[in-house]
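Notes for the one structure printed next.
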Amino acid sequence: MTAAGTVTANADGTLSLSFPMAHRMAMAVIEMPETVYKFEGQEPYTVFSVVPEFSGNYRPCLMSDGSYRYLVNPVAQGEGATLTGSYDDGNKEFTITPSIETAGKYKTYKVDGGYKEIEHNLQAGDFYLKDGTLLSEDTQLTDAQKAACVGIVCWVGDATATDPALKRDFPQCTHGLVVSLKEFGSVWQSNYDSQSSIQSWAATQDFYTQGGYYALNKDVSFGNPGGIQGYNNTQILKAYDKAFAGHQVTVLNYVDKITEEVTLPEVKTSGWYLPSPRELVELHSVMEAVNQSLTAFGSDKQLFSSGYWSSGESSNGNAWYVNLYNGNVNYGDKNYGNYVRLVFAF
C-alpha cells in the first residue's frame with residue numbers, strides 16, 4: 001500500500017499530517033483441488049486435499065481455508081507474470097497468469113476444479129475407486145471406472161469404535177469398510193505350533209500389553225462373532241509372522257499379494273487386512289448387494305455361499321471362519337481350506 005501525505009494548518013497554529021492508504025497491488029487466490037463427501041449422520045470424508053509445489057522465486061501464502069494467496073501487480077489480460085506449480089508428486093502441472101486490472105481487487109483461480117463437496121448416500125454395494133472416489137451401487141460403470149475400482153463398500157459405520165489398533169493408527173477411518181474384488185483359496189496356517197496359540201504368545205509381548213490391542217478371540221464363540229477388529233487382529237498376526245518364520249500364518253500371504261497389486265489412497269484408508277468374524281457376518285448380511293455390484297466385473301468376482309477365513313484364532317490348532325451361506329460362525333483346523341477375502345476401512 002502507498003499514501004500521499006497532506007499537511008493542513010489548524011486554528012491554533014499547529015499542523016496536521018494525513019496520508020490515506022491505497023492498495024497498489026492486486027491478489028490472486030489459488031484454490032487447489034479438494035473433494036469432500038458429505039454422508040448423512042457421519043463426519044465429512046475428504047477424498048483428496050492437494051498440497052502443491054510452487055516453482056520459481058515466489059511462495060504464495062497458505063490460508064486457513066486451504067487456499068493460497070499471492071500479491072500481483074494490476075495488469076491487463078494476458079500481461080501478468082506467470083505462476084507455475086505442480087501436484088500429485090509432480091505428475092500434474094498448472095500455470096496461472098493473473099489478469100487483475102484494478103488494485104485492491106482479487107480473483108480466484110481454481111486448479112483442476114478446486115474445492116468440491118458431494119452429497120452421497122453411502123451404502124453397501126457402492127464402488128470405491130483407487131483415488132478414494134465413491135460411486136453409487138446403481139452406477140453403470142465405464143471401462144475406465146472398472147479399471148479404477150478397488151473394492152465394494154460392504155459396511156457403513158465407525159470401525160474404530162471397536163478396534164483399538166485401528167483407532168490409534170487410522171483415527172480418520174470412521175466411515176465404513178470395503179471388500180476386495182479378488183479372493184483366494186487357502187489354509188489358515190499350514191504349520192502351526194501344537195503347544196502354543198498365537199494369542200498366548202502375543203499376550204506376553206510388549207507391543208500387545210502396552211500398545212492397546214484386543215485378543216484374537218475376544219468375545220467370539222459359536223453364535224457370537226464378537227466385534228469389528230480385523231485390523232487389530234491382522235497386526236498381531238503380522239507380528240507373530242515376523243517372530244516365527246517356521247510357523248508363518250499362510251493367509252497373510254494374500255494380504256501382501258493384494259497390497260502389492262491393488263493401490264489404495266494414501267492416509268485415507270487402513271490398508272488391506274483380514275476381516276474379523278464380525279466383519280464377515282456383516283458381509284453376509286449384505287451379500288446380495290455386494291454380489292450385484294461385483295457382477296459388473298464378471299462372475300469370477302462373486303462371493304460364494306461357502307466358508308471364509310477370518311483373522312480370529314480359536315486355539316493353537318483352529319481358527320474362526322464364517323459360512324456365507326447362512327452367516328454362522330465356526331472354527332476349523334488351520335490346515336483346512338477356505339476362501340480368503342480382504343477388507344479395508346476408510
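For the pair Ser305 (side chain) and Tyr325 (backbone), a donor-acceptor distance under 3.5 Å is absent. In this structure, the side chain of Asp126 engages the main chain of Glu137 through a donor-acceptor pair within 3.5 Å. Checking side-chain atoms of Ser276 against main-chain N and O of Gly227 turns up a donor-acceptor pair under 3.5 Å. At distances below 3.5 Å, at least one donor-acceptor pair connects side-chain atoms of Ser310 with backbone N or O atoms of Trp320. Side chain of Glu31 to backbone of Tyr115: a donor-acceptor contact under 3.5 angstrom is found. Checked by atom type and distance alone, the side chain of Lys242 never pairs as donor or acceptor with a backbone atom of Leu237 at under 3.5 Å. Asn338 contributes no side-chain N or O that, together with a main-chain N or O of Ser186, makes up a donor-acceptor pair within less than 3.5 Å. A distance-only check finds a donor-acceptor pair linking the side chain of Asp333 to the backbone of Asn335 [under 3.5 Å]. Remark: the backbone N or O of Gln302 is not paired with any side-chain donor or acceptor of Asn291 at under 3.5 angstrom. Side chain of Ser180 to backbone of Arg341: no donor-acceptor contact under 3.5 angstrom is found.
Placement of Met27 and Leu83 in two distinct hydrophobic clusters is found when ILVMFWY residues are connected by side-chain heavy-atom separations under 4.5 Å, directly or transitively. Tracing side-chain contacts under 4.5 Å through hydrophobic residues (I, L, V, M, F, W, Y), one reaches Val111 starting from Leu62; they form part of the same cluster. The same ILVMFWY cluster, assembled from side-chain heavy atoms under 4.5 Å apart, contains both Tyr128 and Ile118. When the side chains of ILVMFWY residues are joined at heavy-atom separations under 4.5 Å, either directly or via intervening members, Val281 and Leu166 end up in a single hydrophobic cluster. Both Leu141 and Val290 belong to a common hydrophobic cluster when Ile, Leu, Val, Met, Phe, Trp and Tyr are linked at side-chain heavy-atom distances under 4.5 angstrom.
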Kindly indicate, with the supporting measurements, whether the criterion side chain to side chain contact (heavy atoms under 4.5 Å, CB included) is fulfilled by Tyr109 and Ser99. CA-CA 11 Å; Tyr109 298 86; Ser99 56; 4.1 Å; yes
Where do Tyr37 and Thr133 land on the side chain to side chain contact (heavy atoms under 4.5 Å, CB included) test, with the steps shown first? CA-CA 9 Å; Tyr37 280 88; Thr133 299; 3.3 Å; yes
Start with the C-alpha gap between Asn318 and Ser315, add the side-chain angles, then the distance that decides, and say whether side-chain hydrogen bond (donor to acceptor under 3.5 Å, both in side chains) holds. CA-CA 5 Å; Asn318 295 287; Ser315 65; 3.1 Å; yes
List the steps, then state whether side-chain hydrogen bond (donor to acceptor under 3.5 Å, both in side chains) holds for Tyr273 with Glu279. CA-CA 11 Å; Tyr273 63 82; Glu279 284 160 299; 2.7 Å; yes
Does Leu135 form a side chain to side chain contact (heavy atoms under 4.5 Å, CB included) with Leu129? I'd like the steps, not just the answer. CA-CA 8 Å; Leu135 300 176; Leu129 307 191; 4.0 Å; yes
Verify side-chain hydrogen bond (donor to acceptor under 3.5 Å, both in side chains) between Ser196 and Asn316, making sure each step is shown before the conclusion. CA-CA 6 Å; Ser196 175; Asn316 61 307; over 6 Å; no
Apply the test side-chain hydrogen bond (donor to acceptor under 3.5 Å, both in side chains) to residues Gln199 and Tyr208: give CA-CA distance (whole Å), side-chain angles for both, the deciding distance (0.1 Å), then the verdict. CA-CA 10 Å; Gln199 178 55 40; Tyr208 183 87; 3.1 Å; yes
Apply salt bridge (Lys or Arg N to Asp or Glu O under 4.0 Å) to residues Glu119 and Lys38 and explain how you reach the verdict. CA-CA 5 Å; Glu119 299 280 346; Lys38 297 295 183 99; over 6 Å; no
Test Ser136 against Thr139 for side chain to side chain contact (heavy atoms under 4.5 Å, CB included), laying out the working first. CA-CA 5 Å; Ser136 296; Thr139 302; 3.9 Å; yes
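Between Thr160 and Pro171, the shortest heavy-atom distance links the atoms CG2-O, 4.4 Å. Listed here is the closest heavy atom pair of Ile152 and Phe297: CD1-CE1, 4.3 Å. Of all heavy-atom pairs spanning Ser314 and Asn217, the tightest one is O-ND2, 4.2 Å. Listed here is the closest heavy atom pair of Gly230 and Ser311: CA-OG, 3.8 Å. Residue Pro60 comes nearest to Ile30 through the heavy atom pair CG-CD1, 4.3 Å, listed as atom of the first residue, atom of the second, then distance. Nearest approach of Asn232 to Pro164, heavy atoms of both residues: OD1-CG, 3.9 Å.
Not less than 6.0 angstrom separates the ring centroid of Tyr339 from the ring centroid of Phe184. Remark: aromatic rings of Tyr336 and Trp188 are distant, center separation not under 6.0 Å. Less than 6.0 angstrom separates the ring centroid of Tyr68 from the ring centroid of Phe54.
The shortest side-chain heavy-atom distance between Ile100 and Pro74 does not fall under the 4.5 Å cut-off. At a threshold of 4.5 Å between non-hydrogen side-chain atoms, the residues Tyr87 and Glu53 do not count as touching. For the pair Phe346/Thr174, no side-chain contact is recorded, criterion being any heavy-atom separation below 4.5 Å from C-beta on. Within the 4.5 Å cutoff, the side chain of Phe94 has heavy atoms near those of the Met32 side chain. Contact annotation: the side chain of Leu134 approaches that of His120 to within less than 4.5 Å [non-hydrogen atoms, C-beta and beyond]. Annotation: side chain of Val249 is in contact with side chain of Ile198 (closest heavy-atom distance under 4.5 Å). Between Val178 and Val343, the closest side-chain pair of non-hydrogen atoms is not below 4.5 Å. Between Leu252 and Lys238 the shortest side-chain heavy-atom distance falls below 4.5 Å.
Salt bridge Glu261/Lys182: present, at least one basic N to carboxylate O contact under 4.0 Å.
For the pairing with Trp272, the ring pair (Phe, Tyr, Trp, His ring centres under 6.0 Å) check across Tyr254, Tyr231, Phe344 returns one residue only, Phe344.
Atom NZ of Lys105 is surrounded by 12 or fewer heavy atoms from other residues, nucleotides or ligands within 6.0 Å. Residue Tyr70 places its OH atom among more than 12 non-hydrogen atoms of other residues, nucleotides or ligands, all under 6.0 Å distant. Within 6.0 Å of CD in Glu288 there are 12 or fewer heavy atoms belonging to other residues, nucleotides or ligands.
In this pair, Tyr45 and His175 present their aromatic rings tilted. The plane angle is within the 30 to 60° band. Relative ring orientation between Phe244 and His247 is described as tilted, the plane-to-plane angle lying within the 30° to 60° band. Ring geometry for Phe207 versus Tyr213: interplanar angle over 60°, hence perpendicular rather than tilted (30 to 60°).
With values rounded to the nearest 0.5 angstrom, Ser270 atom OG is found 9.0 Å from Gln235 atom CD. Put simply, CD1 on Ile258 and CG on Leu181 are 8.5 Å apart, with the number rounded to the nearest 0.5 Å. The distance from atom CG of Leu294 to atom NZ of Lys301, rounded to the nearest 0.5 Å, is 8.5 Å. From Asp131, atom CG reaches atom CG of Asp88 across 10.0 Å, with rounding to the nearest 0.5 Å.
Under 3.5 Å, the side chains of Tyr308 and Glu183 contain a donor-acceptor pair of N or O atoms.
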